[in-house]
Amino acid sequence: MKAWSVILIILALFIAIFPQFFDCESHGRSIVLEDGRTIPMKCHWSARAEIVVGANLLVTGFLLLLSKTKETRVSLGVLGLVSGISTMLLPTYLIGVCGMDDMVCKSTMQPALLLAGGLVIVVSLIIMIVSSRKTDIVAPVV
């Protein structure tokens, strides 16, 4: 179980850190308004939101390392599952990324987050299945 927890921790760090370097603002691009002000593009806000998802997943991974009971592990697996789904929804449906295919967020950040979210879902499902099959050792009643 510890190996799956470590994999979740690594994925959490990737989800929180990777988008910060592959949004359009990190490459010097932003939207210029008619009055001359500049504002970040949608991908910047998706990257920021992924920090929260990654932090949640990081805590989930550390709690999995410390958990002793199968019920706790299954519950943490459900939290991991929700985090994986959130990772995938943020750059696609909830906030989104830039519309042009040649932008770094569309070509690099979005596919990487979709892959990472899918991996989190698979690992969380494995954690839930393995944890629900393990039986707690109970002393026989005499």
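Counting begins at 1 with the first residue of the sequence. This one's a predicted model, so the numbers in the text were calculated from it and none came from an experiment.
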**Q.** Ala47: side-chain contact (heavy atoms from CB on, under 4.5 Å) partners, not counting sequence neighbours
**A.**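 Testing Ala47 for side-chain contact (heavy atoms from CB on, under 4.5 Å), a comparison that skips the adjacent residues, returns Pro19, Gln20, Asp23, Met109.
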
Q | Set of residues satisfying side-chain contact (heavy atoms from CB on, under 4.5 Å) with respect to Met41, sequence neighbours excluded | A |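 Partners of Met41 under the side-chain contact (heavy atoms from CB on, under 4.5 Å) test: Cys24, Arg29, Ile31, Cys43, Cys98, Met103.
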
Flag the pair [X] / [Y] as yes when at least one side-chain heavy-atom distance between them is below 4.5 Å, and no otherwise.
| X | Y | result |
| --- | --- | --- |
| Met88 | Ile121 | yes |
| Ile9 | Phe62 | yes |
| Leu114 | Gln110 | yes |
| Leu13 | Leu58 | yes |
| Leu113 | Leu90 | no |

Can [Y] be reached from [X] by stepping across I, L, V, M, F, W or Y side chains whose heavy atoms are under 4.5 Å apart?
| X | Y | answer |
| --- | --- | --- |
| Phe21 | Val52 | no |
| Leu115 | Val123 | yes |
| Trp45 | Ile51 | no |
| Val59 | Val74 | no |
| Ile85 | Tyr93 | yes |

(Q) When you measure from the side chain of Arg73 to the backbone of Ser67, do you find a donor-acceptor pair of N or O atoms at a distance under 3.5 Å? (A)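 At least one qualifying donor-acceptor pair exists.
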
Heavy-atom closest contact ([X] atom, [Y] atom, distance):
| X | Y | value |
| --- | --- | --- |
| Gly80 | Thr60 | N-CG2, 4.2 Å |
| Thr108 | Phe22 | CG2-CD2, 3.7 Å |
| Asp101 | Lys106 | OD1-CE, 3.5 Å |
| Ser107 | Pro111 | O-CG, 3.5 Å |
| Gly77 | Ser124 | O-CB, 3.4 Å |
| Pro91 | Glu50 | CD-OE2, 3.4 Å |

Q.
Going by side-chain contact (heavy atoms from CB on, under 4.5 Å), Val120 matches just one of Leu81, Thr87, Leu8, Leu125. Which one?
A.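 It is Leu8; the other options fail the test.
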
Roughly how far apart are [X] [atom1] and [Y] [atom2], rounded to 0.5 Å?
| X | Y | atom1 | atom2 | result |
| --- | --- | --- | --- | --- |
| Leu57 | Leu64 | CG | CG | 9.5 Å |
| Leu94 | Ser86 | CG | OG | 7.5 Å |
| Leu33 | Ile39 | CG | CD1 | 4.5 Å |

**Q.** Steps toward side-chain contact (heavy atoms from CB on, under 4.5 Å) verdict (Ile126, Trp4)
**A.** CA-CA 8 Å; Ile126 290 170; Trp4 295 114; 3.6 Å; yes

**Q.** For Phe14, all residues meeting ring pair (Phe, Tyr, Trp, His ring centres under 6.0 Å), sequence neighbours excluded
**A.**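 Counting only residues at least two positions away or on another chain, Phe14 forms a ring pair (Phe, Tyr, Trp, His ring centres under 6.0 Å) with Phe18.
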
Q: Tell me, with the steps shown, if Ser75 and Thr72 meet side chain to side chain donor-acceptor pair (under 3.5 Å).
A: CA-CA 5 Å; Ser75 298; Thr72 304; over 6 Å; no

